Amino acid sequence: MKTDVTIPTPDGDSRAFVFTPDAGAGPWPTAILYMDAPAIRPAMFEMGERLAQAGYYVLLPDVFWRAGPYPPLDIVKARGGDPEQVALFQKLRASTDASRQMADTKVYLDWLSTQPQARADRVGVTGYCMGGGIALRAAGTFPDRIAVAASFHGGNLATDEDNSIHKLAPKMKARILVAGADEDRSFDEAQCERLDAALKDARLDAKVSIWKGMKHGWVPTDMPVHDAAGAERHWTELVALFDEVLKD
């Protein structure tokens, strides 16, 4: 079941979507699913529904809500230089940043704690592409609320920037799963090793790897680089991890 919701924030009303299992009345363990850069679209709804059917109350926030209502983004055309799609993509990306994402995440966590169907004392987060970084940053920003965090084909997770996500490792308490893409310049072997070392130094239960044969963006079904076998592996590992941490 998908429900459109509006979540008030200090900056305005945030658009989001809730997915719940078809069977039972809850409360269910809770997860936040952070979208990839191609924005809200049917493929993200498919993912929210699938995670919900595994027994979770799932919140899918629109990270680009500050941009206002927007038409579907054609990421292939945007990357190919189509002026209209490039302009839309730039507008969407400019509407958010790390500080806004974490401010919103705090609001989402507080909102989830008021939902009777959600067991939100310990939350799981998963993210894709851009959302992978958001999920890990959330684990470092809200360590007492995020119990498990996963990132799939996330990029720029361990850079030289002052606010690089790997530098939050000492603050994290969550179980961590990071799966990078084999063909992805935004998360190469050097970043993989740096992130893995940071998480190990923080004595976290973490699994960080690059999946061979996968390209950046392989999980969502509508991406040109979608890999069916790799996506199923992702679902298997993600649900198993969430079940271990979040289900009694």
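Everything numeric in this text was worked out from a predicted model, so none of it was measured.
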Visitor: Identify whether NZ of Lys or CZ of Arg in Arg119 sits under 6.0 Å from the centre of the six-membered ring of Trp28 and within 45° of that ring's axis.
Guide: no
Visitor: Could you tell me whether the side chain of Met35 reaches within less than 4.5 Å of the side chain of Phe64, counting heavy atoms only?
Guide: yes
Visitor: Look at the rings of Tyr128 and Phe152 and say which category their plane angle falls in: under 30° parallel, 30 to 60° tilted, over 60° perpendicular.
Guide: parallel
Visitor: Between Ala149 and Ala135, what is the shortest heavy-atom contact and its length?
Guide: CB-O, 4.0 Å
Visitor: Say you draw a straight line from CZ of Arg175 to CG of Leu199; how long is it, rounded to the nearest 0.5 Å?
Guide: 13.0 Å
Visitor: With Arg15 as reference, evaluate Thr6, Val63, Val5, Ile40 under the side chain to side chain contact (heavy atoms under 4.5 Å, CB included) test and give the passing residue.
Guide: Ile40
Visitor: Enumerate the side-chain hydrogen bond (donor to acceptor under 3.5 Å, both in side chains) contacts for residues 76-93, please, sequence neighbours excluded, ordered by first and then second residue.
Guide: none
Visitor: For Thr159 and Gln191, which I'm curious about, is there any donor-acceptor pair between the side chains at under 3.5 Å?
Guide: no
Visitor: Supply the atom-to-atom distance Gln101 CD to Thr96 OG1, rounded to the nearest 0.5 angstrom.
Guide: 3.5 Å
Visitor: Just checking Lys171: does its NZ atom have more than 12 heavy atoms from other residues, nucleotides or ligands closer to it than 6.0 angstrom?
Guide: no
Visitor: Would you say the side-chain atoms of Trp65 and Asp104 include a donor-acceptor pair closer than 3.5 Å?
Guide: yes
Visitor: For a side-chain hydrogen bond (donor to acceptor under 3.5 Å, both in side chains) with His216, tell me which candidate from Asp184, Asp182, Asp36 qualifies.
Guide: Asp184
Visitor: Give me the atom names and distance for the closest heavy-atom approach of Leu73 to Ala78.
Guide: CD1-CB, 4.5 Å
Visitor: Using 4.0 Å as the upper bound for N to carboxylate O, is an ion pair formed by Glu232 and Arg50?
Guide: yes
Visitor: Taking a hydrophobic cluster as the set of Ile, Leu, Val, Met, Phe, Trp and Tyr residues connected by side-chain heavy atoms closer than 4.5 Å, whether directly or through intermediates, do Tyr70 and Val86 fall within one such cluster?
Guide: no
Visitor: Can you tell me how far apart CD (Glu193) and NE2 (His166) are? Round to the nearest 0.5 Å.
Guide: 13.0 Å
Visitor: Do Ile146 and Leu60 belong to the same hydrophobic cluster, where Ile, Leu, Val, Met, Phe, Trp and Tyr are linked whenever their side-chain heavy atoms lie under 4.5 Å apart, directly or via other members?
Guide: yes
Visitor: Would Tyr34 and Thr105 count as having a side-chain donor-acceptor pair, cut-off 3.5 Å?
Guide: yes
Visitor: When you check the gap from the basic side-chain N to the acidic O, do Arg145 and Asp110 get nearer than 4.0 Å?
Guide: yes
Visitor: Val76 versus Pro224: any side-chain heavy-atom pair under 4.5 Å?
Guide: yes
Visitor: Quick one: do Arg194 and Asp188 satisfy salt bridge (Lys or Arg N to Asp or Glu O under 4.0 Å)? Show the steps, please.
Guide: CA-CA 10 Å; Arg194 180 183 288 180; Asp188 56 15; over 6 Å; no
Visitor: Using distance alone, with no hydrogens and no angle criterion, decide if Thr9 and Asp11 have a side-chain donor and acceptor under 3.5 Å apart.
Guide: no
Visitor: Heavy-atom distance under 4.5 Å between the side chains of Glu237 and Trp211, does that happen here?
Guide: yes
Visitor: More than 12 non-hydrogen atoms from neighbouring residues, nucleotides or ligands closer than 6.0 Å to NZ on Lys200, yes or no?
Guide: no
Visitor: If every non-hydrogen atom of Ser151 is compared with every non-hydrogen atom of Leu157, which pair is closest and at what distance?
Guide: OG-CD1, 3.9 Å
Visitor: Any side-chain heavy atom of Phe19 within less than 4.5 Å of one from Leu51?
Guide: no
Visitor: Begin from the C-alpha positions of Thr30 and Leu59 and carry the test side-chain contact (heavy atoms from CB on, under 4.5 Å) through to its verdict.
Guide: CA-CA 8 Å; Thr30 299; Leu59 178 69; 5.9 Å; no
Visitor: Could you check whether any side-chain heavy atom of Val107 comes within less than 4.5 Å of a side-chain heavy atom of Pro10, counting everything from C-beta outward?
Guide: yes
Visitor: How long is the gap from CZ on Arg137 to CD1 on Ile165, to the nearest 0.5 Å?
Guide: 4.5 Å
Visitor: Flag the pair Tyr57 / Leu112 as yes when at least one side-chain heavy-atom distance between them is below 4.5 Å, and no otherwise.
Guide: yes
Visitor: Could you tell me whether Lys167 and Glu161 have a side-chain N and a carboxylate O separated by less than 4.0 Å?
Guide: no
Visitor: Assert yes or no for the condition that the ring centre distance of Phe45 to Phe17 is strictly below 6.0 Å.
Guide: yes
Visitor: Ignoring hydrogens, what is the shortest heavy-atom contact between Ala158 and Leu195? Give both atom names and the distance.
Guide: CB-N, 3.9 Å
Visitor: Output the distance between atom OG1 (Thr126) and atom CD1 (Ile134), rounded to the nearest 0.5 Å.
Guide: 11.5 Å
Visitor: Using a strict cut-off of less than 4.0 Å between a Lys/Arg side-chain nitrogen and an Asp/Glu carboxylate oxygen, indicate whether Arg122 and Asp144 qualify as a salt bridge.
Guide: no
Visitor: Rounded at 0.5 Å granularity, tell me how far CE in Met214 sits from CG in Asp227.
Guide: 3.5 Å
Visitor: Go through it in stages, so that I can follow the logic: the residues are Leu109 and Phe142, the test is side-chain contact (heavy atoms from CB on, under 4.5 Å), and I'd like the CA-CA distance, side-chain angles, deciding distance and then a yes or no.
Guide: CA-CA 9 Å; Leu109 290 168; Phe142 306 101; 3.8 Å; yes
Visitor: According to a 4.5 Å side-chain heavy-atom criterion applied to Ile, Leu, Val, Met, Phe, Trp and Tyr, with indirect links allowed, do Val239 and Ile176 form part of one hydrophobic cluster?
Guide: no
Visitor: Salt bridge (Lys or Arg N to Asp or Glu O under 4.0 Å) between Lys2 and Asp4: does it pass, once the steps are laid out?
Guide: CA-CA 7 Å; Lys2 177 175 77 73; Asp4 296 12; 3.0 Å; yes
Visitor: Give a yes or no answer on whether the side chain of Arg100 reaches the backbone of Ser95 with a donor-acceptor pair at less than 3.5 Å.
Guide: yes
Visitor: Heavy atoms only: give me the nearest Pro143-Gly140 pair and the separation to one decimal.
Guide: CD-O, 3.9 Å
Visitor: Are any of the side-chain heavy atoms of Val178 and Ser209 separated by less than 4.5 Å?
Guide: no
Visitor: Is the ring pair Tyr56/Phe242 parallel, tilted or perpendicular, if the boundaries are 30 and 60 degrees?
Guide: perpendicular
Visitor: Is the shortest heavy-atom distance from the side chain of Trp218 to the side chain of His153 under 4.5 Å?
Guide: yes
Visitor: If hydrophobic clusters are built by linking Ile, Leu, Val, Met, Phe, Trp and Tyr wherever their side-chain heavy atoms come under 4.5 Å apart, do Met47 and Val125 end up in the same one?
Guide: yes
Visitor: What are the two closest heavy atoms between Ala37 and Cys129, and how far apart are they?
Guide: N-SG, 4.0 Å
Visitor: Same cluster or not: are Val18 and Met44 linked, directly or through other Ile, Leu, Val, Met, Phe, Trp or Tyr residues, by side-chain heavy atoms under 4.5 angstrom apart?
Guide: yes
